[in-house]
Amino acid sequence: MRIAVLRERRPGERRVALLPEQIPQLLEAGVDVSVESDAGAEVGASDEAYSAAGAEVDEDVLEDVNAVLSVQPINLSTARRLSEGTVTISFLPTAEEGPLVRRLRERRITSFSMDLVPRTSRAQPMDAMSSQSMVAGYRGAIVAAERLPRFFPMFMTSAGTVRPAKVLVLGAGVAGLQAIATARRLGAVVQAYDVRRSSAEEIASLGAKFVEVDLPPLEGEGGYAREMTEERSTRQRELLAPHVADADVLITTASVPGRQAPLLVTAEMVAAMRPGSVVVDLAADQGGNVAGSIPGQELSVDGVLVWGGFNVASQLPRPASELYAHNIVNLFLLMVRAGDLHLDFDDDILAAACVTHAGRITHRPTLELLGEVG
Ligand code: NAD
């Protein structure tokens, strides 16, 4: 069996799906590896390093492969070249990738989406959503610390005391908790809010203060948040407004699975912040938590810097790739038995992560999105 690792082609994507370090493990499992030239160029993994680890490096790696590993979804022309039954594994946000999903079905390709790996204990080693959110949360705090024209920690010097920066984090999932931990390590005073009840304890355990507001929690299925009603949304913004106005740094990470990110902060709330304050919207590329944030752009709005995240994990491509490569290899090895591809759809992880197989779209919510249920 042979797998191919692609050079990423989407603008701004600097990660790679596999590093030379994982190749011996794959060879041992009976899997040969072809790596597209320059695939690891952005993370300091040279073609020579992949060859030395036992991979074949080539300009064209799509001939006679059983599986294709990438970070971003393959493109339509790559899908056209793969033969029936080939497996693809990548992030595959099906809501945004309708034409590709249809092409994968038409070509009878078996596709798995890293976005759909379930959040169970057994699936943790394959959970790329978490690993990449962790990278994004760290990066968000570092961006804010770097952009803020003041210290994060308190300084007590003979010339006087400098107060620490006040950081407010909205949304305390994987990214938010990492942003909190990073801001705390840098010495900031951190407050955070999340609609899930369990987050209060997690926030406190990192040395931050949970922002108490007079609103019921909004827990949904599988430990995720639920979407807010318009009424609650307005009330939450009103209650959080004074906390936002008092923050030097606001980092937002809130999202609800399968929905556009909730609008937590209006333009008026940003305008009420002190000049020089910094807003980092890590949800900017999912619709945005902050009015006016633009993915991949840094804007000055009424003297406040508003930084919109765009593929933020990719801004730290080496550690993001290391973690992603572990996640994808762990998922892929669930499909390998005695050196052959063996797809056991009784395995809950493979069943949940599969998008297309044998000429069908197997992921029901995707079928619904494409208007094909019925
Ligand atoms: P996410 O990216 O879907 O959302 C980020 C955060 O935004 C969540 O904490 C969510 O509650 C919050 N949020 C949503 N709407 C909000 C609003 N209106 N105001 C404030 N906050 C809002 O979440 P995630 O980081 O993927 O994690 C979600 C949950 O899954 C957490 O409970 C996490 O601990 C859990 N999780 C479990 C596992 C596992 O068991 N293997 C792995 C990863 C995450």
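One-based numbering, in listed order, for ligands and for the atoms of each.
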inquiry  = One pair to check against ring pair (Phe, Tyr, Trp, His ring centres under 6.0 Å): His357 and Phe345. What are the steps and the verdict?
reply    = CA-CA 10 Å; His357 177 62; Phe345 287 109; 4.7 Å; yes
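Listed by chain and number, residues touching ligand 1 at under 4.0 Å (heavy atoms only) are Arg119, Thr120, Gln124, Asp127, Ser130, Gly171, Ala172, Gly173, Val174, Asp194, Val195, Arg196, Gly223, Tyr224, Ala225, Met228, Gln236, Thr253, Ala254, Ser255, Val256, Pro262, Leu264.
In this structure, Asp47 has no salt bridge (charged side-chain N to carboxylate O under 4.0 Å, His left out) partners at least two apart in sequence or on a different chain.
Residue pairs that meet the side-chain hydrogen bond (donor to acceptor under 3.5 Å, both in side chains) test with at least one member in residues 166-186, sequence neighbours left out, are Lys166-Asp246, Gln178-Thr182. Pairs passing the side-chain hydrogen bond (donor to acceptor under 3.5 Å, both in side chains) check and including a residue from residues 144-155, sequence neighbours excluded, read Arg147-Glu298.
We find that Glu106 and Arg102 are not joined by a salt bridge, their nearest charged nitrogen and carboxylate oxygen being 4.0 Å or further apart. Contact check on Glu231 versus Arg235 returns no salt bridge, with no Lys/Arg side-chain nitrogen under 4.0 Å from an Asp/Glu carboxylate oxygen.
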